[in-house]
Amino acid sequence: MDKLKIIGNGPLEGDISISGAKNAALPILASTLLSPEPVTLRNVPHLRDITTTLDLMGRFGSRFELSDNMSLVADNRDITELRAPYELVKTMRASILFLGPLLTRFGEAEVSLPGGCAIGSRPVNLHIEGLKAMGAHIDIDEGYIKARASRLRGARFVFDVVSVTGTENLMMAAALADGVTVLENAAREPEISDLADCLNAMGARVTGAGSDTVTIRGVDSLHAAEHRVIPDRIESGTFLVAAAATAGRVRIRNTAPQFLDAVLQKLADTGAHLETGSDWIELDMRGRRPRAVGLTTAPYPAFPTDMQAQFVALNAIADGTATVKETIFENRFMHVQELQRMGADIELQGNTAIVRGVDKLHGAPVMATDLRASACLVIAGLAADGETLIDRIYHLDRGYERIEEKLAQLGARIQRVPAAAKAAGGRAVNH
Ligand code: EPZ
């Protein structure tokens, strides 16, 4: 397995471009299955999760024309397979997003239950209950969700927990259902609105996306469309936190400041100077140490859980003590023990981390456990003295496009270290 070697090298300086949003591109790719005509997508990020999605859709019969400027055409005219197998679903839980589109367009679908995940149990009961409310017959058999419906019918469904992909799955299922579907207590993330925009471009009739009540008027079929994926707000936030943690000055381009209000507020609270334009954000922390900032994660527009680990890294070297509370996932502090190996002073009390800032972290060998924990360790390595070697960085590649290239552009001393070649014939053996 590749590793990332980082040598703390002082402030990050310069500007980088943000890629398309992973968590918008994934549901939007799934939504192209709803149309028998080609759908053109632009600003699709080059990420492992995207490659996994294209591989899985290829098994269904999807055909793709990829161009080198992050655009692709998805052609789903000849879908012959309606089953998402465990060996692929286990590598990417977002595969659950194929359930709604396949079921509503073809009347049946089989998707492996995603199984456990490092950050929490992450059940999909709401996806299943919502589809049942729309008339689907669903069996759970041999680890697979087996769904059938001659035609789904519109229904009113109340989410008892706000679910991002749950909202997305039911929006897609409702697009071709007979009648009107109303989703209450729906997720409000920008990625939901982006999916709605793409569905409407394909001829769907979705209103209210971005609010907690989304209404979908079913139609008989969808058609060809073009759509540009929104910028990745979590990649944006990650780079801004890295700039703050190294007392640097960084401008991020091709982003969307309006999606980051809660994060920008917290960064301002650390003492960072922030400037924003229509599609750029500049953070300046030169010559200053961040102040500790407490936070509580919650559904959008509140502070995002996907930025929690990054802020724990920032607080680890901040002036003061911060209380960080995680309310979305039950096990999303695995980065803490790795940070402690680097000298961080953090105490865990259930779903709360008490972070006492230290003057400096020191580099150490650490292990990535999930996507955003990996980003946290990169930030800690950039701010630390000495060398940090991060193992299992395949987690990082799922959600960050060419992160070491982008950070090197900002002056970071960072390189990807290929898995050590085994003695036998010098062949590189991946563990
Ligand atoms: C999405 O995951 C994101 N993934 C996650 O980003 C993100 O952390 C999460 O939303 C929360 O914002 C994608 O969009 C592909 P949820 P999702 O359903 O949809 C419970 C990353 O780093 N729940 O909103 O799987 C669940 O256990 C990833 O990019 C149920 O109880 O999350 C959790 O406690 C990590 N039953 C809460 O809801 C269900 O049927 C929120 O989960 C569904 C969810």
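We count ligands from 1, going down the list as the structure has it; atoms in each ligand are counted the same way. Computation of the quantities below employed the complete heavy-atom set of this structure, encompassing side-chain atoms and omitting hydrogens, waters and symmetry-equivalent molecules.
Contacts of K22 with ligand 1, taken as heavy-atom pairs under 4.0 Å, involve the side chain alone. When heavy-atom distances to ligand 1 are checked against a 4.0 Å cut-off, R332 comes that close only through its side chain, counted from C-beta outward.
Residue contacts with ligand 1: V164 is placed with a nitrogen or oxygen under 3.5 Å of a nitrogen or oxygen of the ligand (distance criterion only). Considering backbone and side-chain N/O atoms, T165 comes within less than 3.5 Å of an N/O atom of ligand 1. Checked against a 3.5 angstrom limit, the closest N/O atoms of L126 and ligand 1 fall inside it. The N/O atoms of T305, backbone and side chain alike, include none that comes under 3.5 Å of an N/O atom in ligand 1. Between I328 and ligand 1, an N or O atom pair is found at a separation short of 3.5 Å.
With ring centers used as reference points, Y300 lies 6.0 Å or more from F259. Not less than 6.0 angstrom separates the ring centroid of Y144 from the ring centroid of Y86.
In this structure, R251 satisfies the cation-pi test against W280, with its NZ or CZ atom closer than 6.0 Å to the six-membered ring centre and inside 45 degrees of the ring normal.
Other residues, nucleotides and ligands contribute over 12 non-hydrogen atoms within 6.0 Å of the CZ atom of R416.
N169 and H127 form a side-chain donor-acceptor contact under 3.5 Å, judged by distance and modelled atom types alone. Side-chain contact of S236 with T255: a donor-acceptor pair under 3.5 Å is present, judged by distance alone.
Counting atoms of ligand 1 from 1 in the listed order, those under 4.0 Å from a heavy atom of R372 are 21 (C), 22 (O), 29 (O). The ligand atoms of ligand 1 that sit less than 4.0 angstrom from a heavy atom of R122 are 2 (O), 17 (P), 25 (O), 27 (O). The contact set between ligand 1 and V124, taken as ligand atoms under 4.0 Å from a residue heavy atom, comprises 39 (C), 40 (O). Heavy-atom proximity to H127, at under 4.0 Å, picks out these atoms of ligand 1: 40 (O).
The single protein non-hydrogen atom nearest to atom 20 (C) of ligand 1 is V161 CG1, 4.0 Å, given as residue, atom name and distance. Atom 14 (O) of ligand 1 has its closest protein heavy atom at N23 CG, 3.4 Å. Of the protein's heavy atoms, F329 CZ, 4.0 Å lies nearest to atom 32 (O) of ligand 1.
With I128, N125, D232 as candidates, the residue nearest to atom 36 (N) of ligand 1 on a non-hydrogen basis is N125. Comparing P123, P27, S163 against atom 39 (C) of ligand 1, the shortest heavy-atom distance belongs to P123. Relative to atom 5 (C) of ligand 1, the option among T167, L97, D306, D160 with the closest non-hydrogen atom is D306.
Aromatic ring orientation, F333 versus H335: tilted (interplanar angle from 30° to 60°).
Judged purely by atom type and a 3.5 angstrom limit, N315 has no side-chain atom pairing as donor or acceptor with the backbone of A318. Looking at R151, its side chain does come within 3.5 Å of a backbone N or O of L176 through a donor-acceptor pair. No donor-acceptor distance shorter than 3.5 angstrom exists from the side chain of T388 to the backbone of A384, with no hydrogens or angles considered.
When the side-chain hydrogen bond (donor to acceptor under 3.5 Å, both in side chains) test is applied to N185, no partner is found at least two apart in sequence or on another chain. Here N43 pairs with nothing under the side-chain hydrogen bond (donor to acceptor under 3.5 Å, both in side chains) rule; sequence neighbours left out.
In this structure, H395 falls outside the shell of residues with a heavy atom less than 4.0 angstrom from ligand 1. Between V162 and ligand 1 there is a heavy-atom distance shorter than 4.0 Å.
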